[in-house]
Student: 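Please find one structure pasted underneath; my questions will follow.
Below, chain A is the first sequence line, B the second, and so on; all start at residue 1.
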Amino acid sequence: MTQAATPVRPRASSPAVGARRRVVVILVAVVAIMASVVLSLAFGSRPVTIEQITQGLGAWLHGVTPRDIGAIAVQQRIPRTVLAIVAGAALALSGALMQAVTRNPIADPGILGVNTGAALFVVCGIAFFGISTPFEFLGLALVGAILVAVLVYFVGSVGAGGATPIKLALAGAATTAALSSLVAAILLPRADLMNQVRFWQVGGVGGANWATMAAITPVLVVAAALALAHGPALNALALGDDVAVGLGVHVGRTRIVAAACGVTLCAAVTSVAGPIGFVGLMVPHVVRLLAGTDQRWLLPVSALGGAVLLTLADTIGRVVGYPSEVEAGVVTAFLGAPVLVVIARRTRIRAL
Amino acid sequence: MTATIRDFARGTATTTPIEQVYVGRRRRRRRRVIAIAALGTATALLAAAMLMLGGTIYSPSEVLRVIAGQNVPGASFTVGVLRLPRTVTGLLAGVAFGVAGTTFQRMLRNPLASPDVIGISSGASAAAILSLVVLGWDQTPTMLFALMAGILTAGAIYLAARGGESAGGRLVLIGIGIGAMLESVVSYLLLRANQWDLLTAARWLSGSLNGASWDQAGPLGVAVVVLLPVVIALSRDLSVLELGDASATALGVRVGRVRLTLVLSAVALACFATATTGPIAFVAFLAGPIATRITGAGGSPVLPAALTGGCLVLAADLLGQYAFDTRFPVGVITGILGAPYLLYLLIRTSRRGGSS
């Protein structure tokens with residue numbers, strides 16, 4: 001054996017991304033968020049001028065209603081813009097966590113059927129228990145999301161090879177189909193509920209209001225903080241369970257906490273915005289290319305990227321659907337499916 | 001080696017290996033004939049039940065007289081205008097879904113690759129809802145539009161999954177993704193449609209036979225009558241294709257032409273059925289595997305799958321209509337009953353460490 005016969009092959013996911021590049025990526029992300037906020041405030045069924053935007057924002061900060069109708073339109077767009085930022089960040093963080101925990105490139109709350117689980121429980125709550133407050137929505141969505149996530153992951157990981165992408169996707173698809181049939185079965189005899197739960201079919205941020213956002217914010221903050229704190233442990237997990245134990249990481253606890261945070265983030269968003277898919281799938285993959293695989297950076301940068309993506313998706317939906325709008329969930333599905341194709345082509349997929 | 005066939009049948013022959021092959025083949029063929037006959041009988045009984053049961057229960061003779069074209073007070077309307085089109089549409093849709101599903105599964109050698117799982121039905125569904133609900137077109141142009149959309153979807157999935165190793169698994173994964181995208185289009189179009197009502201929603205979200213009429217059943221009937229014989233005629237080649245392209249070519253099958261014909265026929269059947277009843281959940285996916293369990297391995301899968309598909313749709317529609325206080329559309333029933341079976345199949349296949 002000569003030494004020349006063992007060339008070191010550079011890995012595609014090489015962690016050799018310098019601190020400088022990360023800082024640049026974060027700066028770019030922050031600038032992109034600000035730009036997308038301006039775009040989100042500027043575009044809609046009524047076109048406004050830059051002056052009207054500043055006027056509307058200023059009046060909003062002082063808690064008064066402006067006289068100019070354009071400025072009022074800008075004010076109306078503030079809640080949905082805030083919700084888009086918060087929901088996008090939470091969904092992308094959720095996707096990054098699920099991908100880290102399952103070590104599976106296609107883990108996404110939408111594909112795994114978690115959204116439908118949350119939807120089913122909320123619909124049950126409305127139909128059988130007459131729930132109406134944001135806290136009740138949130139609680140039921142959480143329970144449903146966690147139950148379905150556990151079920152899908154269990155079914156998808158039975159047998160040789162563990163949870164392969166294809167098995168997880170199929171288990172998710174089957175569960176989604178069954179749960180949507182159940183939702184239909186609950187709704188059909190109750191025609192009056194149909195309008196109330198219409199938005200569970202397509203997710204979007206158009207129905208944003210401050211009360212529901214206030215209800216989910218504490219949950220989101222706690223879950224996000226816990227998740228970010230577990231970045232180093234998730235890094236160790238990526239090296240394999242044995243190495244992680246050797247490095248002094250509680251493997252089981254880290255997995256459970258990270259997975260619980262991921263499901264919680266996605267369920268909380270679903271309870272106010274409906275099912276929005278593919279954000280959690282797309283963003284971490286793009287971020288990994290830009291900022292490397294170090295979870296301490298990947299998690300926060302994913303959150304920033306998700307905020308940009310969903311805000312832009314919502315804005316695009318308003319421009320494309322003018323004078324009405326296309327829900328953000330439809331836009332993300334259209335952006336996300338091609339990304340899934342690319343991921344599926346790049347990743348080695350084991351047949352079932 | 002002097003034993004005759006009759007000896008084998010009596011079981012009195014001393015069994016050499018070659019004789020065991022003969023006996024086994026006879027046994028399998030007999031089981032297959034019995035199973036197909038049983039499936040046919042079950043389909044006929046279910047169809048009869050669909051025609052006789054309801055708000056008013058009619059006797060078989062009354063139903064037969066209506067079918068023969070005589071005027072029977074009451075029954076002429078209830079059976080002739082309401083129940084007969086519904087039964088025929090359900091039967092045709094079940095047959096179309098069953099044949100399309102089993103053709104895809106066999107040809108791609110993957111039990112997961114049925115048109116409803118890999119997103120082709122979603123494409124047809126989105127096109128049909130665009131044409132019927134938004135643009136207000138008639139049934140025949142709608143079906144052609146849905147067919148075009150289905151072929152485009154299938155082509156897109158094929159192109160996206162082409163090349164490299166493990167193309168089969170990738171095809172399913174990409175199909176699920178594209179299906180999710182098209183489903184969001186369906187939901188969006190439903191939200192935007194003026195005629196948002198329960199009937200349309202139920203039909204396009206889960207598949208339903210409510211409001212079935214001869215106008216709808218006609219084009220689907222033509223499609224099934226034309227395409228079913230094509231697929232049955234090619235089913236021998238389909239079985240050979242399962243051995244792989246090289247073996248199939250060596251055995252004299254024109255691989256390219258046969259595959260193209262089969263794909264187009266199967267896509268057309270799935271799209272026409274979807275454009276008529278909506279995407280009835282899991283029928284295409286489950287008809288083939290259930291039929292194989294009933295008939296046993298070997299022989300052409302097409303006819304058993306067609307009958308199983310018809311049985312599934314009719315049985316689920318009977319359940320949906322009469323088993324509960326509320327009348328549920330057929331797709332809700334197949335969705336709720338079918339998904340656990342899919343999960344069971346998934347777990348069982350994984351446990352065995354099976355291939356494909």
Student: Looking at every heavy atom in both Ile336(B) and Ala178(A), which two are closest together, and how far apart are they?
Tutor: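 Smallest heavy-atom distance, with atoms named: CG1-O, 4.4 Å.
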Student: Could you look at Ile118(B) and say if it's the side chain, the backbone, both or neither that has a heavy atom under 4.5 Å from chain A?
Tutor: neither
Student: If every non-hydrogen atom of Ala337(A) is compared with every non-hydrogen atom of Met181(B), which pair is closest and at what distance?
Tutor: CB-SD, 3.4 Å
Student: Once you round to the nearest 0.5 Å, how far does OG1 of Thr176(A) lie from CD of Glu183(B)?
Tutor: 10.0 Å
Student: Test Leu170(A) against Val117(B) for side chain to side chain contact (heavy atoms under 4.5 Å, CB included), laying out the working first.
Tutor: CA-CA 8 Å; Leu170(A) 269 167; Val117(B) 173; 3.9 Å; yes
Student: For Tyr158(B), look at atom OH and say whether over 12 heavy atoms of other residues, nucleotides or ligands are found less than 6.0 Å away.
Tutor: no
Student: Quick check for you: to the nearest 0.5 Å, what is the distance between Phe328(B) atom CZ and Ser181(A) atom OG?
Tutor: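 Going from CZ on Phe328(B) over to OG on Ser181(A), the span is 11.0 Å.
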Student: My understanding is that only residues two or more places apart in sequence, or in another chain, count here; which of them pass side chain to side chain contact (heavy atoms under 4.5 Å, CB included) with Ala160(B)?
Tutor: Val341(A), Ile174(B)
Student: Given a strict heavy-atom distance threshold of 4.5 Å, which part of Phe282(B) is in contact with chain A: side chain, backbone, both, or neither?
Tutor: side chain
Student: Using a cut-off of under 4.5 Å for heavy-atom pairs, which of Ser184(B), Gly331(B), Gly179(B), Ala180(B) has the most such pairs with chain A?
Tutor: Ser184(B)
Student: Are there over 12 heavy-atom neighbours, none belonging to Tyr322(B), within less than 6.0 Å of that residue's OH?
Tutor: yes
Student: Please classify the contact between Val339(A) and chain B as side chain, backbone, both or neither, with a heavy-atom cut-off of under 4.5 Å.
Tutor: neither
Student: Return the CG to CG distance between Leu340(A) and Leu173(B), rounded to the nearest 0.5 Å.
Tutor: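 Leu340(A) CG to Leu173(B) CG: 5.0 Å, rounded to 0.5 Å.
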Student: Kindly write out the residues that satisfy side chain to side chain contact (heavy atoms under 4.5 Å, CB included) with Ala100(B), not counting sequence neighbours, or none if the list is empty.
Tutor: Pro115(B), Ala266(B), Leu269(B), Ala270(B)
Student: Taking CZ in Phe129(A) as the centre, count heavy atoms belonging to other residues, nucleotides or ligands within less than 6.0 Å. Is the count above 12?
Tutor: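 Incorrect, the count does not exceed 12.
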